[in-house]
Student: 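I am attaching a structure below and will ask some questions about it afterwards.
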Amino acid sequence: MRARLKSFMELERIASIEGLGDERKCAIFRVKTEILKTMTSDLLEKGFYWILPVMLSRATDPLWPDPGASIEKRPELEVYGVRVKAMQSMILHKRVLVSLGPERFFIYSPNIRIERRDRALTGRHLYEFTQLEVEVAYARMEDIFKIYEDLIAKSIRAVKERLRDELKLLGRDGIEVPETPFKVFKRREVEERYGADWELKLSRDLRNPAWVTDIPREFYDYEDEEAGEWRNFDLILPEGYGEVISGGEREYEYEKMLRKIERDGLRRENYEFILNLAKRGLLKPSAGAGLGVERFIAYVCGVRHVAEVQPFPRIPGIVSEL
Ligand code: ASP
Ligand code: MG
């Protein structure tokens, strides 16, 4: 079970670059390297294109309405006389690319999410992190489950086989390769059992990662209106590590997206390019997701705070020297 953090003193120690060269940090960075290598190779073997990220854009993920988000500020700046936003996720770019360009690709995408500072002690939040984003044209949720189940099982197996000493040093040699396929729960089912804040309670009860589907959130995830269900999901890690992947099947119909954008109180002009593609019948149905890279590495290493896997920790509320 992930040990809880109790004080800001502990956070300041984690945020400092003092321990950057010590044995423990080196072990974490070796685990990180092995995980990135395994995941990248697996996606390349499966025929995915490797796309590089954008970091500033006129439009980004609204992260609204999202039950998990606690954004206190959305950084914008002016370049060449145009207001641009820091990427909160590349979902909008993924939808355009998968429709007009390669039909399956992945991106290591840096995201800036200025979380409220009271999230510092959760051990699970950062204000800069990386998502391993995947998007596949005409895919269903279940196809995306399989892709990430492979990535997770293969990378944990690789770390166990090749980095035994590092896992021992981190006190994590007990980590098991999870059994696949992972269990799938409906959000209503876990809500009934654990209440509205089900994420961490479920996480603490799990022995193996599990999917939770049908989560009301941003307009871009597909709603099956007849069944009254969202075709989207989160992956919840065991031991209190919580959510590590969000994704879903996507909306592609003009009228429906417009209705949802209005329902959410979003500014239509931010999504005009996607709406235009949809209107012209060019927005392809797709499914995809993003994995929180640091969160996954934190789980494999068994660390208390996700910032421990960053060389330059980005803890909400603590802006360190570098
Ligand atoms: N990356 C996620 C997705 O593909 C969106 C998010 O960042 O929450 O759905
Ligand atoms: Mg999201």
Side-chain angles (χ1 to χ4, degrees), residues 39 43 48-49 51-55 57 59-71 74-75 85-99 102-115 119 124-148 151-152 187 199 211-223 230-237 242-252 257 260-261 264 266 270-271 274 283-296 306 314:
M39 289 189 164
L43 289 167
F48 279 73
Y49 286 73
I51 301 296
L52 296 177
V54 295
M55 282 173 276
S57 186
T60 187
D61 190 337
L63 296 182
W64 177 265
D66 180 346
S70 72
I71 303 297
R74 295 161 188 270
K85 301 176 168 76
M87 277 299 106
Q88 297 195 129
S89 98
M90 277 187 67
I91 181 65
L92 303 174
H93 301 75
K94 288 201 300 178
R95 290 292 291 122
V96 171
L97 189 62
V98 84
S99 298
E103 290 194 338
R104 55 174 54 217
F105 57 82
F106 69 94
I107 319 167
Y108 289 102
S109 168
N111 292 171
I112 294 183
R113 297 188 185 176
I114 311 299
E115 304 276 358
R119 292 223 156 166
R124 309 179 48 256
H125 292 89
L126 297 170
Y127 65 87
E128 271 186 55
F129 69 102
T130 306
Q131 287 200 64
L132 174 48
E133 295 272 16
V134 157
E135 201 69 25
V136 182
Y138 308 108
R140 308 299 306 264
M141 279 199 314
E142 293 73 16
D143 305 317
I144 306 300
F145 290 175
K146 173 84 175 72
I147 290 167
Y148 282 99
L151 293 177
I152 288 171
R187 187 245 326 154
E199 180 190 335
W211 301 102
V212 177
T213 66
D214 182 20
I215 304 170
R217 57 184 174 210
E218 295 93 340
F219 75 91
Y220 50 72
D221 282 351
Y222 188 83
E223 259 179 284
W230 291 71
R231 296 278 302 166
N232 65 5
F233 54 83
D234 275 359
L235 183 72
I236 309 298
L237 291 172
E243 182 258 315
V244 72
I245 295 176
S246 293
E249 291 172 18
R250 316 300 189 182
E251 297 290 1
Y252 55 93
M257 276 196 322
K260 292 177 76 178
I261 286 171
D264 293 351
L266 297 172
N270 285 333
Y271 310 101
I274 281 209
L283 197 64
K284 291 180 187 166
S286 70
L291 170 135
V293 174
E294 291 87 350
R295 280 188 178 178
F296 180 63
V306 60
R314 269 35 185 163

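Remember, it's 1-based here, ligands and their atoms both numbered in the order they're listed.
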Student: To the nearest 0.5 angstrom, please state how far the CD1 atom of I91 sits from the CZ atom of R250.
Tutor: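 I91 CD1 to R250 CZ: 3.5 Å, rounded to 0.5 Å.
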
Student: First locate atom OG of S70, then atom CD1 of I114, and finally report the distance between them rounded to the nearest 0.5 Å.
Tutor: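 One gets 10.5 Å once the value is rounded to the nearest 0.5 Å.
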
Student: I want to know if ligand 1 touches Q131 in the polar sense, i.e. an N/O pair below 3.5 angstrom.
Tutor: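 For ligand 1, there is an N or O atom that lies under 3.5 Å from one belonging to Q131.
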
Student: With a 6.0 Å cut-off (strictly less than), is the heavy-atom count around CH2 of W64, excluding the residue itself, greater than 12?
Tutor: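 Incorrect, the count does not exceed 12.
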
Student: Parallel under 30°, tilted from 30 to 60°, perpendicular over 60°: which one fits the rings of F145 and F233?
Tutor: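 Because their plane-to-plane angle is over 60°, the rings of F145 and F233 count as perpendicular.
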
Student: Could you give me the CA-CA distance, side-chain angles and deciding distance for R113 and D66, then say whether salt bridge (charged side-chain N to carboxylate O under 4.0 Å, His left out) is met?
Tutor: CA-CA 13 Å; R113 297 188 185 176; D66 180 346; 5.5 Å; no

Student: Between the candidates E133, R113, R250, which shows the shortest non-hydrogen contact distance to atom 6 (C) of ligand 1?
Tutor: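 Looking at heavy atoms only, the winner is R113.
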
Student: With distance as the sole criterion, is a donor-acceptor pair present between the side chains of Q88 and T60 under 3.5 Å?
Tutor: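 No, no side-chain donor-acceptor pair sits under 3.5 Å.
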
Student: At less than 4.0 angstrom from any non-hydrogen atom of D61, what atoms of ligand 1 do you find?
Tutor: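 In order of numbering, the contacting atoms are 5 (C), 6 (C), 7 (O).
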
Student: With atoms numbered from 1 as shown, which atoms in ligand 1 lie under 4.0 angstrom from a non-hydrogen atom of Y220?
Tutor: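 That gives atoms 5 (C) of ligand 1.
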
Student: Considering only NZ, NE, NH1 and NH2 on the basic side and carboxylate oxygens on the acidic side, decide whether E294 and R314 come within less than 4.0 Å.
Tutor: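 Here E294 does not pair with R314 in a salt bridge, since their nearest N and O are not under 4.0 Å apart.
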
Student: N/O to N/O below 3.5 Å, does that happen between E135 and ligand 1?
Tutor: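 It does not: no N or O of E135 is found under 3.5 Å from an N or O of ligand 1.
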
Student: Can a non-hydrogen atom of G248 be found less than 4.0 Å from any atom of ligand 1?
Tutor: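 No; G248 lies far enough from ligand 1 that no heavy-atom distance drops under 4.0 Å.
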
Student: Identify the protein heavy atom lying closest to atom 2 (C) of ligand 1, giving its residue, its atom name and the separation to 0.1 Å.
Tutor: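 In this structure, atom 2 (C) of ligand 1 has S246 O, 3.5 Å as its nearest protein heavy atom.
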
Student: Taking only non-hydrogen atoms of K94, do any sit less than 4.0 angstrom from ligand 1?
Tutor: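 True for this residue.
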
Student: Under 4.0 Å from a heavy atom of G247: which atoms of ligand 1 are those, numbered in the order shown and with their elements?
Tutor: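 Heavy-atom distances to G247 below 4.0 Å select 9 (O).
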
Student: Answer yes when R295 and E243 have at least one side-chain N-carboxylate O distance shorter than 4.0 Å, and no when they do not.
Tutor: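 Counted as a salt bridge, because a side-chain N and a carboxylate O are separated by less than 4.0 Å.
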
Student: Between N111 and ligand 1, find which residue part has any heavy-atom pair under 4.0 Å and reply side chain, backbone, both or neither.
Tutor: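 N111 to ligand 1: no contact under 4.0 Å from either part.
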
Student: At under 4.0 Å between heavy atoms, which part of A289 makes contact with ligand 1: side chain, backbone, both or neither?
Tutor: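 The backbone, only.
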
